[in-house]
Amino acid sequence: MAPHFLYGWQQKDKDKTTFNAPFRHRDDTDYMAEHQIARAFRERFVRQDAAEAALDRHVQHTTDLVLGESEGPAAWLVVAARPTRPVPRMVPALSRSEAQHAMSQGAKRAETLLASAIPMPRLLGPQLFPDLLANNPRKGLRRWVDTNMLVPARATRRRGLLVELHHDGTVVTAVDLSHLALPPSHPGVPQPVYSPVLISAVFETVALVHEHRLALRADSPIEFRAVLQTQPGAGLRFAPVVLDHGRLEVAEWARQPRTVQPAHSDLAPFADDQALIAGATDLAEGLLNQFGLDILPT
């Protein structure tokens, strides 16, 4: 976010107040000239554009990957989280055991967050990541990848899930929200979106992002983007599915849009559990509110 400005007294003239942009030069602090300030702002905007483009690339790549693996129309939740200052390439990557530890700690953290944020978290069902994955990350392109897809010899009929822990601090998750969202007695539902799974996936992702950042010893803020995606050109409406007295039902009173805008959130460099809950709630409600739903029923 450089340049940073200070409002204070000018050292040479105590009768004047000044608005200065300081910068470090070796062991000294100096103040920017006008052309340096202009250049610093240009560089800031370039960094922000590059960060937005990186999130777009992660979301698009993961969307193309999971939709290509879907046997039929399905609604996928894709969440990408990226530090504003990515970890440099010169920093050693996490080992496999360290990545496994981050994932196990993320599951424990998610359990605590859900218990604090949701009155009856058991209604959301078992946690997705430890239930669907064996905590068996394998090497990818400068990342660790854990998934129950992409290996035809080990294909299952369970809900599709993908988790990526990138060496630069980025985390990407993707979850199939339509898998068994409704029993066979509900034919003709356009594109079911199982809202309890959406909530659980968002909280588990935020918890995993936090533990991954701790494992990397990174102190950068994190930016999140969450999207709902389905096969392009299908023209199907997203239909939210909720638990109604223990039964899965389409929320007939809710909106059923054909497109859903991305939801955004962020985390401060040092976040406690309340900040994690706030970030996860903001991200989940950013999607659910577009259906007219909340995390907690009113």
Side-chain angles (χ1 to χ4, degrees), residues 51-52 54-60 62-63 66 75-84 102-103 106-107 109-119 121 123-125 127-129 161-166 169-177 193-214 218 220-230 238 240-242 254-255 257 259-298:
E52 288 290 320
L55 278 177
D56 286 338
R57 286 195 301 271
H58 289 308
V59 169
Q60 189 59 52
T62 304
T63 298
V66 297
W76 282 84
L77 169 69
V78 178
V79 182
R82 185 176 185 272
T84 57
M103 292 191 67
R109 177 83 63 173
E111 183 178 8
T112 300
L113 300 183
L114 287 167
S116 301
I118 309 296
L123 294 179
L124 300 178
Q127 282 193 46
L128 300 170
F129 296 177
L161 176 61
L162 171 73
V163 173
E164 294 183 350
L165 303 179
H166 293 232
T170 299
V171 174
V172 182
T173 64
V175 182
D176 183 355
L177 300 182
V193 176
Y194 191 16
S195 59
V197 170
L198 185 152
I199 295 169
S200 183
V202 168
F203 272 78
E204 291 181 53
T205 298
V206 170
L208 177 59
V209 169
H210 177 69
E211 294 299 333
H212 186 228
R213 179 171 62 175
L214 292 180
S220 172
I222 301 288
E223 296 181 352
F224 288 86
R225 180 175 299 171
V227 299
L228 288 182
Q229 301 280 24
T230 189
F238 292 104
V241 176
V242 297
R255 295 187 292 271
T259 60
V260 176
Q261 297 184 56
H264 302 267
S265 187
D266 53 45
L267 286 179
F270 305 99
D272 58 11
D273 283 355
Q274 290 304 313
L276 297 178
I277 290 173
T281 301
D282 192 34
L283 201 61
E285 288 192 337
L287 296 174
L288 292 175
N289 288 169
Q290 296 182 60
F291 298 104
L293 302 177
D294 290 309
I295 286 183
L296 300 178
T298 56

query: Within a strict 4.5 Å, meaning less than it, do heavy atoms of the L114 and S200 side chains meet?
result: yes
task: Mind checking the CZ-CG spacing from F291 to L228? Nearest 0.5 Å is all I need.
output: 5.5 Å
field: Salt bridge flag under 4.0 Å for residues E52 and R225
entry: yes
- prompt: Do the side chain of S220 and the main chain of P83 share a donor and acceptor less than 3.5 angstrom apart?
  reply: no
- prompt: Listed by chain and number, what are the side-chain contact (heavy atoms from CB on, under 4.5 Å) partners of A174, not counting sequence neighbours?
  reply: T62, V66, W76, V78, L162
- request: Would you please name every residue forming a side-chain hydrogen bond (donor to acceptor under 3.5 Å, both in side chains) with E211, sequence neighbours left out?
  value: R109
- prompt: Does a side-chain heavy-atom distance below 4.5 Å link F238 with L287?
  reply: no
field: Whether E111 side chain and A107 backbone form a donor-acceptor pair below 3.5 Å
entry: no
- prompt: Does the side chain of V172 come within less than 4.5 Å of V79's, by heavy atoms?
  reply: no
- prompt: With ring centroids as reference points, do H166 and H58 lie under 6.0 angstrom apart?
  reply: yes
- prompt: Would you say the side-chain atoms of D272 pair up with the backbone N or O of A275, donor to acceptor, closer than 3.5 Å?
  reply: yes
message: Any non-hydrogen side-chain atom of F224 less than 4.5 Å from a side-chain atom of L267?
response: yes
message: Looking at E204 and F129, would you say the former's side chain and the latter's main chain have a donor-acceptor pair under 3.5 Å?
response: yes
- line: By salt bridge (Lys or Arg N to Asp or Glu O under 4.0 Å), D266 pairs with (sequence neighbours left out) none
- line: Partner of L198 under side chain to side chain contact (heavy atoms under 4.5 Å, CB included), picked from I295, L283, L177, is L177
- prompt: Is any side-chain heavy atom of L77 closer than 4.5 Å to a side-chain heavy atom of V227?
  reply: no
query: Does the T281 side chain pair with the main chain of I277, one donor and one acceptor, at a distance under 3.5 Å?
result: yes
field: Qualifying residue, where the test is side chain to side chain contact (heavy atoms under 4.5 Å, CB included) with E285 and the options are I199, L293, D294
entry: D294
Under 3.5 Å: donor-acceptor pair, side chain of S195, backbone of V241: yes
task: Would you mind reporting whether R82 and I222 have side-chain heavy atoms less than 4.5 Å apart?
output: no
query: Are any non-hydrogen side-chain atoms of V193 and V260 less than 4.5 angstrom apart?
result: no
